[in-house]
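In what follows, every chain begins at residue 1, and chains take the letters A, B, ... in the order their sequences are listed.
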There are 2 protein chains.
Amino acid sequence: MSDAQGAPKLVKKKGEARHEAIYKALSDAIIEQRLKPGARLREDALAEVFNVSRTGIRKILQRLAIEQLVTLTPRRGASVTRPTADEAKDVFDARQLIECGLMPDVARRMGKKEAAELRDMARQERQALRSGQQSVAIRLSADFHVRLAQLSGNAALAEFVERLCSRSSLILAVYGHRGHLGCESHDHDDLIGYLEAGNGERAKAFMSRHLKAIEASLSMVEEEENVPDLRQIFGG
Amino acid sequence: MSDAQGAPKLVKKKGEARHEAIYKALSDAIIEQRLKPGARLREDALAEVFNVSRTGIRKILQRLAIEQLVTLTPRRGASVTRPTADEAKDVFDARQLIECGLMPDVARRMGKKEAAELRDMARQERQALRSGQQSVAIRLSADFHVRLAQLSGNAALAEFVERLCSRSSLILAVYGHRGHLGCESHDHDDLIGYLEAGNGERAKAFMSRHLKAIEASLSMVEEEENVPDLRQIFGG
DNA sequence: GCTCTCGATACTGTATACAATAAAATCGAC
DNA sequence: GTCGATTTTATTGTATACAGTATCGAGAGC
């Protein structure tokens with residue numbers, strides 16, 4: 001899993017899949033902070049790096065804009081969204097309401113297979129953290145929360161959680177200190193325990209503390225911006 | 001308000017605003033069921049009706065697809081989404097969780113000005129209902145719920161409610177009987193009363209009953225599809 | 001030396017043209 | 001007469017070319 005999906009490899013998949021791959025490469029790069037908030041994303045440059053025309057790039061940028069990972073300024077183009085403190089508060093309040101509210105349903109539907117899958121995800125996350133890949137760990141943590149929401153069986157809410165987790169990753173990447181990661185090492189394992197025991201109310205309370213702890217760990221200090229080298233980041 | 005924004009008037013607004021107008025015309029047409037679920041939306045036809053090139057239309061269709069008002073099938077093009085019963089359940093469960101959870105915050109921030117604005121919206125809704133414009137009333141009802149969510153001060157959750165209300169309108173347009181509208185005549189006024197009195201808990205309970213009542217009023221019978229005449233619908 | 005204006009440049013916004021593919025219709029065979 | 005294969009057509013996917021606009025730099029005036 002080392003440096004992950006680094007280079008898109010210029011594989012000539014047909015249509016659909018190619019765009020999806022570019023989308024994922026971009027969103028991962030943003031979430032893992034290889035593309036830092038404020039970085040401009042020029043259509044020409046991206047088109048060249050990924051070997052597609054600007055048409056396809058624009059489609060992807062628009063999607064990322066709707067998910068609020070990039071900001072689309074009318075005649076200035078796209079740039080990686082720089083989340084504000086207010087937005088951060090809204091996002092974590094929303095997660096508090098939705099994710100906690102989902103826990104009873106998740107507990108009800110949690111089976112052996114699901115629990116095993118979640119434990120595996122938690123394990124991968126710890127491993128990334130141990131090997132110093134903090135930003136990768138942040139993304140894996142988000143994946144965990146999303147998978148959890150999907151287990152509730154409500155697709156609409158799961159999608160919202162997915163959006164909120166993406167934004168959270170961006171927020172964590174910007175405002176989280178190095179060394180003090182948002183999700184404590186064993187929180188996720190403890191949570192799985194409560195859910196597997198069918199104790200929805202306890203899981204709900206635990207999730208609430210868990211999210212509060214993440215939010216409390218943020219330090220609201222902004223970093224400076226710099227010009228990104230797309231070729232280096234994507235290895236194109 | 002009669003036949004509303006029927007023809008886009010071919011006004012040559014510059015760029016931004018033009019697309020926004022087309023987007024609104026389309027989403028309103030879908031929500032008010034002038035474009036029925038399953039109706040195909042051909043890019044050429046839309047481009048001609050709205051006097052823009054396919055490029056702009058595609059952008060708008062993609063946005064509508066993300067909001068799940070239209071369904072984008074890979075090489076088949078766009079069609080108005082036909083919500084399933086499962087989706088309807090998810091949407092109303094999600095509204096139950098989010099909108100009810102928001103009521104305490106809304107009650108806390110509700111002032112005289114906000115209450116007056118909401119009462120005016122409720123009045124317009126009743127008026128549309130009285131004059132037999134059921135689908136317009138459905139849209140106005142959605143606007144009311146969205147405005148309410150915005151008053152909570154949480155932009156992220158307000159956006160989610162907006163999405164859920166759009167989908168609800170589509171669901172109501174499809175599954176609601178004629179004559180028995182989702183939102184009862186005075187429910188919204190009663191709700192404003194509780195909120196203005198600062199009684200968040202009571203408002204929360206009332207909203208819960210309100211949403212349950214809407215969902216219970218649905219009859220899960222599907223209608224047949226037919227080919228739409230875009231020129232007639234948009235008056236182009 | 002500073003600021004304001006004018007020009008060049010770089011980038012996005014939009015349309016159009018071309019290629020690819022899936023649905024439909026027609027023709028032929030059984 | 002019906003089923004199947006092939007051609008035709010309709011519609012989306014993609015790239016490219018052109019136009020418009022904002023930004024940056026240079027030069028002149030104060």
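- Counting all heavy atoms, side chain and backbone alike, N154(A) lies closest to D90(B) at ND2-O, 3.2 Å.
- Here the C1' atom of nucleotide dT12(D) and the CD atom of E48(B) are 17 Å apart, to the nearest Å.
- dT12(D) atom P lies 9 Å from atom CG of L46(B), rounded to whole Å.
- Residue contacts for R76(A): at a heavy-atom cut-off of 4.0 Å it reaches the sugar-phosphate backbone alone, with no base atom in range.
- Of the candidates dG13(C), dT11(D), dT14(D), dT11(D) carries the atom nearest the R42(B) side chain, counting heavy atoms from C-beta on.
- The listed nucleotides are dA15(C), dT12(D), dT16(D); the one nearest the side chain of V52(B) is dA15(C).
- Side-chain atoms of P83(B) and V174(B), non-hydrogen and from C-beta on, do get closer than 4.5 Å to each other.
- A straight line from CD1 of I57(A) to P of dA15(D) spans 10 Å, rounded to a whole angstrom.
- One atom, NZ of K59(B), and another, P of dT12(C), lie 13 Å apart when rounded to the nearest Å.
- The aromatic rings of F144(A) and H188(A) sit parallel to each other, their planes meeting at less than 30°, with 60° as the upper class boundary.
- Between the CG atom of D44(B) and the P atom of dA10(D) there is a distance of 11 Å, rounded to whole Å.
- With distances taken from any side-chain atom of S53(A) to the nucleotides dA17(D), dT14(D), dA15(C), the minimum falls on dT14(D).
- Rounded to whole Å, atom C1' of dA24(C) lies 12 Å from atom CZ of R40(B).
- A salt bridge (Lys or Arg N to Asp or Glu O under 4.0 Å) with E43(A) holds for exactly one of R58(A), R76(A), K59(A); it is R58(A).
- Rounded to whole Å, atom C1' of dT12(D) lies 10 Å from atom CG of L72(B).
- Between the side chain of R18(A) and the base of dG13(D) there is no donor-acceptor pair of N/O atoms closer than 3.5 Å.
- Rounded to whole Å, atom C1' of dA15(D) lies 14 Å from atom CZ of R58(A).
- Distances shorter than 4.0 Å separate none of the side-chain N or O atoms of H19(A) from OP1 or OP2 on dG13(D).
- At least one side-chain heavy atom of L151(B) sits under 4.5 Å from a side-chain heavy atom of L118(B).
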